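Note that these values count all heavy atoms, side chains included, but never hydrogens, waters or copies made by symmetry. A, B, ... follow the sequence lines: proteins, then strands. Residue 1 opens every chain. Bear in mind that the values here come from a model prediction, so they are computed numbers and not experimental data.
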Protein chains: 2
Amino acid sequence: MPQSHPEPTRFPVTVDIVALTVRDDALNVLLITRLIEPFRGKLALPGGFVLAGEGLGEAAIRELAEEAGVEQVPGHLEQLQSYGPKGRDPRGDVLTVAHLMLAPNFPVLSAGSDAEHAAWYPVSHVLEGETELAFDHGRILADAVERARSKLEYSPLGAAFCGEEFTIAQLRAVYEAVWGTRLDPRNFHRKATGNPGFLEDTGRMTAGDAGRPAALFRLAPAARSAAGEPVRAVLNPPLMRPRP
Amino acid sequence: MPQSHPEPTRFPVTVDIVALTVRDDALNVLLITRLIEPFRGKLALPGGFVLAGEGLGEAAIRELAEEAGVEQVPGHLEQLQSYGPKGRDPRGDVLTVAHLMLAPNFPVLSAGSDAEHAAWYPVSHVLEGETELAFDHGRILADAVERARSKLEYSPLGAAFCGEEFTIAQLRAVYEAVWGTRLDPRNFHRKATGNPGFLEDTGRMTAGDAGRPAALFRLAPAARSAAGEPVRAVLNPPLMRPRP
DNA sequence: GCAAAAGTGTTACGAGTACACCCATGT
DNA sequence: ACATGGGTGTACTCGTAACACTTTTGC
């Protein structure tokens, strides 16, 4: 920590949010279209400057509200990584602290004060280079997706993409979308329901869909915080994604 | 990213380094004794302000040299997490980006410009509350240790605690020290040597120690970068620590 | 009845654990 | 010879993959 006496350099600090959801069986990311230079007209992650007296998490939540009209964080929010002040913004040294948000599909209101257009985009299109993001946001998105993929293996966070109650098939669809693989429905069912402290049967069933009705589950008390959000509990045994 | 027009708030940014090594079969952390207020006389993580035009990693390496006389990073360095500007420094809002360093036991020269005394301390003593650290460094250390423990499971980073060449028993001692458990030597030997892309037999052997000579290994090419540092390759299957 | 999706049983295999056992050195 | 630590073989157990099979709905 501080030990030299000259006044330390001060940096503008931003938070950027990688908000992920599953739509139409594909992993999607929330992006805004920039209205000002630099990178005007390009797609970018939502985010903005941290204000005086604010914590990082608070800033992320505020920016999400300002830029995408998200009034209440509907899922899980965690810090991802920081990207160093040097050479990532043409206007000067800016430090950014990237955050990862996993949420059920929610409407994007796009009420930003500068009226940026916020919308969902399939992650695969962006990562495969068909869309170029502003700043180093392409790299941040790649890091976020890798983190999300690995978190599904050993944490109950997959449920953050579902609503309050969900079927095993819905949960499996999340895993398949995030990992980009197909999973055996029978084996997945056993692994998910058999994992102690992961899921809790609500006793209720779906109705009206094709096929046999499915049991509705929610996160077990051990796997969620007071707010209902999935918590840092460990899946034991983990649900590993297929490796090549 | 930036979208509002008023001049953004600027924050002092520091890097703090959690340098871990294994000494006397125990996990140790590099700490300095603070010579100035606040927390004068308390133990703290080495670190300091990021300068203009510097990246985060560069700043970490420079501070390690300044505060502990470490002229060349002898192991692995990665970013850990950032700790928010609000309420962690009595003098005002300071953002810190914590880094994790895993290294073989190296001499601490303690040549800091302010002559802080830098030395190794057993992690267990610090975490069990027998020593209070300055700022929020106790929490940062706890997060770093948890990250190190989990990284040993699925990455070749355990070798970062060893020198260029090492025996399986030395590597096992690292795992035992970091995890705080005993491991079966026979099973560990097989899991480590049998893991494709992890270790490479040098053909050389130890001599002079008690008992049968041991084969010397190094990191396999797939598991290390050009500089010889362990790289983000995945151990497959992972070496899991025993769970309760 | 038939299609579709939920959920169970069964078998084969691969990895982990525990531990008996052999090997190669120093003293 | 014996102690010390390195290294291999083997039996048991458990989680996983693959897939046949039963259950319960909509049409």
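Considering only heavy atoms from C-beta on, Leu30(A) stays 4.5 Å or farther from Glu67(A) through its side chain. Using a 4.5 Å heavy-atom cutoff, the side chains of Thr33(A) and Leu43(A) are in contact.
Between Asp143(B) and Arg139(B), at least one side-chain nitrogen of the basic residue sits less than 4.0 Å from a carboxylate oxygen of the acidic one, meeting the salt-bridge criterion.
Using a 3.5 Å distance cut-off with no hydrogens or angles, the side chains of Thr206(A) and Thr167(A) do not pair a donor with an acceptor.
End-to-end axis angle of the helix from dG1(C)-dC27(D) to dT27(C)-dA1(D), using five pairs per end and rounding to 10°, comes to 10°.
Heavy atoms from other residues, nucleotides or ligands lying under 6.0 Å from CD of Glu130(B) number more than 12.
Each of Leu100(A), Leu80(A), Leu133(A), Val145(A) was checked for a side-chain contact (heavy atoms from CB on, under 4.5 Å) with Ile140(A), and the lone residue meeting it is Leu80(A).
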Report the C-alpha separation of Leu64(A) and Leu77(A) in whole Å, then their side-chain angles, then the decisive distance to 0.1 Å, and conclude whether the side-chain contact (heavy atoms from CB on, under 4.5 Å) test is met. CA-CA 11 Å; Leu64(A) 216 43; Leu77(A) 179 69; 5.6 Å; no
Does Glu58(B) form a salt bridge (Lys or Arg N to Asp or Glu O under 4.0 Å) with Arg62(B)? I'd like the steps, not just the answer. CA-CA 6 Å; Glu58(B) 295 169 58; Arg62(B) 177 181 51 73; over 6 Å; no
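The CG atom of Asp16(A) lies 10.0 Å from the NE2 atom of His99(A); values are rounded to the nearest 0.5 Å. Expressed to the nearest 0.5 Å, how far OG of Ser155(A) lies from CG of Leu102(A) amounts to 8.5 Å.
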Across nucleotides 11-19 of chain C, 5' to 3', mark each nucleotide with B, S or - according to how protein heavy atoms within less than 4.0 Å reach it. -----SBBB
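Residues forming a salt bridge (Lys or Arg N to Asp or Glu O under 4.0 Å) with Glu153(B) (at least two apart in sequence, or on another chain): Arg241(B), Arg243(B).
Of the residues in residues 202-213 of chain B, those lying under 4.0 Å from DNA chain C by heavy-atom distance are Asp209(B), Gly211(B), Arg212(B), Pro213(B).
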Listing, residues 174-183 of chain A side-chain donor-acceptor contacts under 3.5 Å, not counting sequence neighbours, or none:
unit_1: Tyr175(A); atom_1: OH; unit_2: Leu152(A); atom_2: O; d: 3.1
unit_1: Glu176(A); atom_1: OE2; unit_2: Leu183(A); atom_2: N; d: 2.8
unit_1: Trp179(A); atom_1: NE1; unit_2: Arg149(A); atom_2: O; d: 2.9

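The span of DNA chain D lying next to chain A, judged by atoms under 4.0 Å from heavy atoms, is bounded 5' to 3' by dT16(D) to dG26(D).
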